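Worksheet: one structure, shown below.
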Number of protein chains: 2
Amino acid sequence: MIVHPNISALTALLTERSRAAILAALMDGKFHTASELAYMASIKPQTASFHLAKLEENNLIICEKHGRFRYFRLANDEVANTLEIIMAISPLPEVRSLNQSSQLKKLESARTCYDHLAGRVSVSLTKLMEEAGYIERDNKKFLVTKSGELFFEDFGVDLVGLSKKRRAFSNACLDWSERTYHLGGALGNGLFERYLELDWIETKENSREVVITDRGKSGFKDLFGLEI
Amino acid sequence: MIVHPNISALTALLTERSRAAILAALMDGKFHTASELAYMASIKPQTASFHLAKLEENNLIICEKHGRFRYFRLANDEVANTLEIIMAISPLPEVRSLNQSSQLKKLESARTCYDHLAGRVSVSLTKLMEEAGYIERDNKKFLVTKSGELFFEDFGVDLVGLSKKRRAFSNACLDWSERTYHLGGALGNGLFERYLELDWIETKENSREVVITDRGKSGFKDLFGLEI
DNA sequence: TAAATAATACGATGCTCATCGAAGTATGGA
DNA sequence: TCCATACTTCGATGAGCATCGTATTATTTA
């Protein structure tokens with residue numbers, strides 16, 4: 001008798017190409033309709049509907065109905081985090097085209113991970129915040145120091161408001177491209193929203209790609225000393 | 001076009017019940033013959049042969065031939081670590097019998113992870129060594145401090161010899177039962193071997209279970225202040 | 001009220017793949 | 001030289017399951 005955790009139960013859902021594509025598409029943290037996801041995964045709506053039902057049953061995604069549309073999203077950031085971990089230990093896709101290769105480079109530089117920033121830029125920012133003494137990693141989460149509290153409030157992130165949300169305040173999220181941690185959770189989301197507000201970053205439709213604006217480049221340099 | 005790591009390629013190999021059972025059996029870090037693995041996974045030798053070929057092709061396991069026997073082992077500790085990570089984020093198996101439940105408890109307490117110690121005991125020891133200032137975690141590996149060098153040499157672990165091995169000197173290995181890190185790599189293995197040498201621990205045939213002997217209990221208490 | 005759109009339900013199809021019996025190869029020992 | 005053992009190869013079988021055509025339900029718009 002071999003006793004081991006139930007590997008199959010989770011991975012079986014991820015193994016199937018179409019479902020993996022759907023989940024990868026949902027990693028942008030946004031809501032998507034069933035038809036959109038069908039298109040993104042290159043399958044017919046009926047097939048997508050079948051997979052979406054299965055993913056919802058297993059609590060990987062949630063659904064909100066508005067009129068005749070059904071909007072799907074990842075269930076929570078724990079699911080997103082789990083997907084990132086699996087991506088981190090999975091092989092990179094074989095690059096078949098120049099287009100795909102440049103797309104991959106952009107994603108490795110900066111992308112959304114559910115509802116916060118990921119990629120080279122995010123990992124650098126996280127490191128710089130650690131070095132500056134604003135945050136400290138405690139195993140799988142980050143703690144905000146005294147000087148960090150001042151820093152974040154000063155930057156315009158409402159820590160008190162964030163801490164009231166019914167979700168992890170901050171977690172150390174494994175980055176699939178950098179294979180180390182970046183800042184996630186409510187705090188990661190708070191920073192992300194603030195960057196957007198300040199026009200330091202821009203997100204793209206139907207892609208996880210994040211573009212750093214010129215204003216962002218000088219902002220990140222002034223604030224953290226980060227050259228992009 | 002969706003660009004992301006190829007989740008399916010990895011998880012497909014792990015999802016299949018028989019292959020998962022084979023890999024779980026190999027997590028003890030020992031060599032096993034094809035027949036042994038077939039028996040452990042409750043399949044016929046032909047079927048095992050088919051799966052073993054597939055796993056070898058994908059560099060998850062390696063094979064050494066001695067006479068008419070073929071001995072299989074996990075390819076390296078990176079594979080072992082990857083398996084532990086997936087186990088860590090997978091739901092625990094449904095417990096079907098008392099026997100299975102007590103087996104699971106024993107594994108959670110102390111077991112082998114590839115070629116070093118894992119489970120509650122290992123996580124505690126790692127923490128205590130960190131608190132004592134012998135090691136420091138640096139992201140995904142552990143560094144040995146000056147006082148640590150003295151400590152390990154004094155305990156009978158040959159650090160210079162270990163550092164010459166063609167493998168990671170020490171890595172932070174994610175523990176599936178405790179969901180935090182324990183000490184792995186060459187140093188983890190060195191300690192494991194030394195515990196065995198001192199009769200502090202005993203391994204069981206065909207199981208990842210590790211038993212702490214009475215001598216071990218007093219040893220761990222004297223050395224680290226760990227009550228078992 | 002009728003047509004268009006979003007999505008699901010159901011059933012048929014077909015593909016992938018694990019499994020195992022039968023047969024074959026390699027090695028060791030009597 | 002013959003048999004036993006360890007393992008692999010090949011081929012047949014069958015189960016699971018993704019896919020999609022067709023039909024249906026729900027909602028919006030004209």
Side-chain angles (χ1 to χ4, degrees), chain A residues 2 4 6-26 30-75 205-206, chain B residues 2 6-26 30-74 205-206:
Chain A
I2 295 172
H4 61 91
N6 195 348
I7 293 183
S8 309
L10 174 71
T11 57
L13 283 166
L14 307 179
T15 295
E16 210 279 318
R17 277 188 72 84
S18 306
R19 276 195 297 267
I22 288 173
L23 290 170
L26 288 172
K30 297 175 191 160
F31 278 100
H32 292 276
T33 64
S35 319
E36 251 174 60
L37 293 169
Y39 175 76
M40 288 187 193
S42 311
I43 48 179
K44 293 273 174 267
Q46 311 91 295
T47 311
S49 186
F50 163 76
H51 288 306
L52 289 167
K54 221 168 219 180
L55 291 171
E56 200 182 359
E57 234 167 67
N58 285 274
N59 302 314
L60 291 183
I61 61 175
I62 53 172
C63 171
E64 271 185 32
K65 203 175 172 188
H66 291 281
R68 47 185 174 175
F69 294 95
R70 294 190 65 194
Y71 293 93
F72 292 91
R73 207 190 55 186
L74 293 187
E205 199 69 30
N206 288 337
Chain B
I2 296 172
N6 194 346
I7 293 183
S8 309
L10 174 71
T11 57
L13 284 166
L14 308 178
T15 297
E16 210 279 318
R17 278 188 70 85
S18 305
R19 276 196 296 268
I22 288 174
L23 289 170
L26 289 172
K30 297 175 191 161
F31 278 101
H32 292 275
T33 64
S35 318
E36 251 175 61
L37 293 169
Y39 176 76
M40 289 188 192
S42 313
I43 48 178
K44 295 272 174 264
Q46 311 93 292
T47 311
S49 184
F50 162 76
H51 288 306
L52 289 168
K54 217 167 221 182
L55 291 172
E56 200 181 0
E57 231 168 71
N58 285 273
N59 303 314
L60 291 183
I61 62 176
I62 54 172
C63 172
E64 271 185 30
K65 203 175 174 187
H66 291 281
R68 47 184 173 172
F69 294 94
R70 293 190 65 194
Y71 292 92
F72 292 92
R73 206 190 56 185
L74 292 186
E205 199 69 30
N206 287 337

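On a predicted model such as this, the values are computed, not experimentally measured, just so you know. Every chain is numbered from 1, with letters handed out A, B, ... down the list of sequences.
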What is the separation between atom [atom1] on [X] and atom [atom2] on [N], rounded to the nearest whole Å?
{"X": "A:I22", "N": "D:dT19", "atom1": "CD1", "atom2": "P", "value": "9 Å"}
{"X": "B:R17", "N": "D:dA15", "atom1": "CZ", "atom2": "P", "value": "17 Å"}
{"X": "B:H51", "N": "C:dT19", "atom1": "NE2", "atom2": "C1'", "value": "8 Å"}
{"X": "B:K44", "N": "C:dG21", "atom1": "NZ", "atom2": "P", "value": "6 Å"}
{"X": "A:F50", "N": "D:dG16", "atom1": "CZ", "atom2": "P", "value": "14 Å"}

Worksheet item: Does A:R17 reach the main-chain N or O of A:A41 with its side chain, forming a donor-acceptor pair under 3.5 Å?
Response: no

Practice prompt. Please figure out whether A:R68 or A:P45 has its closest DNA chain C nucleotide nearer the 5' end.
Written response: A:R68

Discussion item. Is the phosphate of D:dA18 approached by A:K54 (side-chain N or O, under 4.0 Å from OP1 or OP2)?
Written reply: yes

Worksheet entry | N or O in side chain of B:R19 less than 4.0 angstrom from C:dA18 OP1/OP2 | yes

Fill in: 5' precedence on DNA chain D between A:K65 and A:Q46 (nearest-nucleotide basis)
A:Q46

Discussion item. If you assign each of B:S49 and A:I43 to its closest nucleotide in DNA chain D, which residue comes earlier from the 5' end?
Written reply: B:S49

Worksheet entry | Non-hydrogen side-chain atoms of B:E56 and B:R70 separated by less than 4.5 Å | yes

Discussion item. Between B:T33 and B:Y71, is there a side-chain heavy-atom distance shorter than 4.5 Å?
Written reply: yes

